[in-house]
Amino acid sequence: MTRKITIFDTTLRDGEQSPGASMTVEQKIEMAEAIDRLGVNRIEAGFPVSSPVQFDAVKRIGAAVKNATVVGLARCKKIDIDAVRDSLADCSNKMIHVFIATSPLHMKHKLRMSENEVLSSISEHVGYAREQGFDLIEFSPEDASRSEWGFMVKALKAAVAAGANTLNIPDTVGYAMPDEYGDQMARLKKAIPELGDTVMLSAHCHNDLGLALANSLAAVRAGADQVEVTLNGIGERAGNAALEELVMSLRVRKDIWDVETDVKSEYLYPTSKLLQNITGLVTPRNKPIFGDNVFSHESGIHQDGVLKHRETYEIMNPDHIGRNRETLVMGRHSGKHALKEKLEQYNIILHGDQMDSLYKKFIVIADKKKEVYDEDLFTLVSEVLGDLPAGWRLETFQTWTGNKVIPSATVQMKKGEGICLGTQAGDGPIDAVFKSIDQCTGTSGRLTEYVIQAVGSGKDAQGQVKLQVNFGGVLVDGKASSTDIIEASALAYINALNRREMMGENGVKPEMP
Ligand code: KIV
Ligand code: ZN
């Protein structure tokens, strides 16, 4: 009989922890709903103890997600478990994920705990999670692949005895080799009799050596019931196993796998696009499944082959991942209804005021450009979801530039009722604008990253700016787009400034596992 693999998506927890991937709560909710429609079984929504914003995000995702089980992460600490309990109090389909490191390296240098202390912490905290009313409890021995085998098995048995019903084996630093990881999974199934019966076995692989997918597949081969993945493979350092790569490997080679998932693969590409636009982390052209080059053929021999018979050089049908949709170009005469339908094609459903704000932004762009492409719409959606409730707004700006003048800028900005003005010279017009914003708002930011990309193609394409600013030691991302790249730069800088202000006085980023 075909075996079902549970897909545990951690895009919004492990994925969001990666540099440049942070999202606003609204963006996380939109992503969670889209990932839910994609058909994953479990969605890890965040680490609620780490900050009030994370807590709020987990709570609101718990309320928004309709089908998947919503998971909150906790260290072996009561305060963490309480935060998951409270954030998911109103969620009917919930799960807690409790973890503690079991490798000698982590226990000695990070936790400063002995083996016995770790074992009793597992029993105490998994038991505590049970007492807090969680029926579904996942336990992870962090850095499992560098843990001493006998001790890790003891840790896992302690977790099962205390009430865990999913055992997740994280290759936290992407150290394992496929045969080794697969063997470990198979040995665990023998060592822990509850596995395959009342307890699920789960794989969680990082990609430091580019082996996250291979290791996850080795785990499936060895009998894992669940695989933890992120969309586009985003995650700490080199990322996590990519959801799309796993799902499509199992689908394209169904002849050898004979397993299935609940993922509706036609939603994969649209959902990936939404994530790329929300985070600004654009996948490289040669990225498996989603890269721009995946269905384009450069060599003459390949082009000839594909024209004669597509399958000569393509192993996937683009329709199966939702890449071949009819592109109906929108313009200023397109109504709200057409816009809504277009978004639904891309697995995007906006609520309440969001649709109205989007339509207003759409009209502005449609007035500037004759044709509004799908890429423009994605950008607008990510702006609507990323809108910050308050903060600085750009009223007007002007720049003077040319090969015979010193570049300078003037900006006028508003915050609440207050208006300010800044005028500065710079190395170029963008630098002058940033300095003018600093002068106007009384801040001092140092640009640490600046990327500009065209949204779609054509001379009238919008420019999307993604940047990172160091405000007194705190690194903050900002993103914006406009048909004018200087305006896009100014808005992205102001976006970072407003985010910095929202982070509060100390601006310390929450501690992450
Ligand atoms: O990679 C890891 O070890 C983790 C744990 C929190 C499960 O993400
Ligand atoms: Zn991880």
Side-chain angles (χ1 to χ4, degrees), residues 6-19 21-22 40 42-50 54 58 69-77 80-81 83-84 95-107 109-111 118 121-122 125-126 129 136-147 151-152 155-156 159 164-176 181 184-185 188 200-213 215-216 219 224-243 245-246 510-513:
T6 296
I7 299 293
F8 178 116
D9 178 275
T10 183
T11 306
L12 301 172
R13 199 279 298 171
D14 224 355
E16 206 233 359
Q17 276 172 225
S18 59
S22 63
V40 309
R42 292 173 170 177
I43 294 178
E44 193 164 37
F47 182 39
V49 79
S50 63
Q54 281 270 335
V58 174
T69 300
V70 178
V71 188
L73 181 71
R75 292 167 297 187
C76 274
K77 288 184 190 276
D80 289 32
I81 296 168
V84 178
M95 173 168 168
I96 188 164
H97 177 189
V98 181
F99 77 99
I100 191 166
T102 51
S103 68
L105 212 67
H106 278 232
M107 287 191 293
H109 299 289
K110 186 180 85 173
L111 299 176
V118 169
S121 182
I122 295 169
H125 293 100
V126 173
L136 292 176
I137 304 178
E138 169 166 311
F139 172 73
S140 290
E142 191 192 6
D143 203 16
S145 40
R146 293 190 299 171
S147 298
F151 177 65
M152 183 174 80
L156 292 168
N165 37 31
T166 298
L167 294 179
N168 179 47
I169 312 302
D171 181 23
T172 303
V173 287
Y175 181 73
Y181 190 69
Q184 277 187 357
M185 297 302 243
L188 280 176
M200 281 171 79
L201 181 61
S202 166
H204 177 114
C205 301
H206 281 266
N207 208 23
D208 298 62
L209 293 172
L211 292 171
L213 174 67
N215 286 342
S216 304
D225 309 284
Q226 169 178 287
V227 183
E228 302 199 350
V229 285
T230 62
L231 201 59
N232 300 346
I234 64 169
E236 286 281 12
R237 306 178 310 279
N240 290 52
L243 187 158
E245 292 175 16
L246 180 83
E511 187 197 337
M512 285 294 189

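Both backbone and side-chain heavy atoms feed into the values below; hydrogens, waters and symmetry mates do not. Just so you know, ligand 1 is whichever comes first in the structure, and atom 1 is the first atom listed for that ligand.
Taking every heavy atom of S140 and a limit of under 4.0 angstrom, the matching atoms of ligand 1 come to 7 (C). Short contacts between ligand 1 and H206, defined as distances under 4.0 Å to a heavy atom of the residue, involve ligand atoms 1 (O). In the vicinity of E142, heavy-atom distances shorter than 4.0 Å reach the ligand 1 atoms 3 (O).
Residue contact check for ligand 1: H97 places a non-hydrogen atom closer than 4.0 Å to it.
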Subject >> CA sep, side-chain torsions, deciding dist, call: S202, N168, side chain to side chain donor-acceptor pair (under 3.5 Å) >> reply: CA-CA 4 Å; S202 166; N168 179 47; 2.8 Å; yes
**OP:** Begin from the C-alpha positions of D143 and T172 and carry the test side chain to side chain donor-acceptor pair (under 3.5 Å) through to its verdict.
**Re:** CA-CA 5 Å; D143 203 16; T172 303; 4.8 Å; no
**OP:** Show your reasoning for whether side chain to side chain donor-acceptor pair (under 3.5 Å) applies to S147 and T102.
**Re:** CA-CA 6 Å; S147 298; T102 51; 2.8 Å; yes
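Checked by atom type and distance alone, the side chain of D171 never pairs as donor or acceptor with a backbone atom of Y181 at under 3.5 Å.
For Y175, the OH atom counts as loosely surrounded, since its 6.0 Å shell holds 12 or fewer non-hydrogen atoms of other residues, nucleotides or ligands.
Proximity of E236 to ligand 1, defined as any heavy-atom pair under 4.0 Å, is not found for any part of the residue. Residue contacts with ligand 1 for R75 are absent, since no atom lies close enough (heavy atoms, distance under 4.0 Å). Counting heavy atoms closer than 4.0 Å to ligand 1, residue D14 contributes side-chain atoms (C-beta onward) but none from N, CA, C or O.
Looking at E228 and R13, no side-chain N of the basic residue comes within less than 4.0 Å of a carboxylate O on the acidic one, giving no salt bridge.
In the model, T166 has a side-chain atom that pairs as donor or acceptor with a side-chain atom of R42 under 3.5 Å.
Remark: H206 engages H204 in a ring pair (Phe, Tyr, Trp, His ring centres under 6.0 Å) (not counting sequence neighbours).
Between T172 and ligand 1, a contact under 3.5 Å exists for at least one N or O pair.
Under 2.8 Å from the Zn ion (ligand 2), one finds the following protein N/O/S atoms: D14 OD2, H204 NE2, H206 NE2.
Note that the CG atom of L12 and the CD1 atom of I234 stand 8.0 Å from one another [nearest 0.5 Å].
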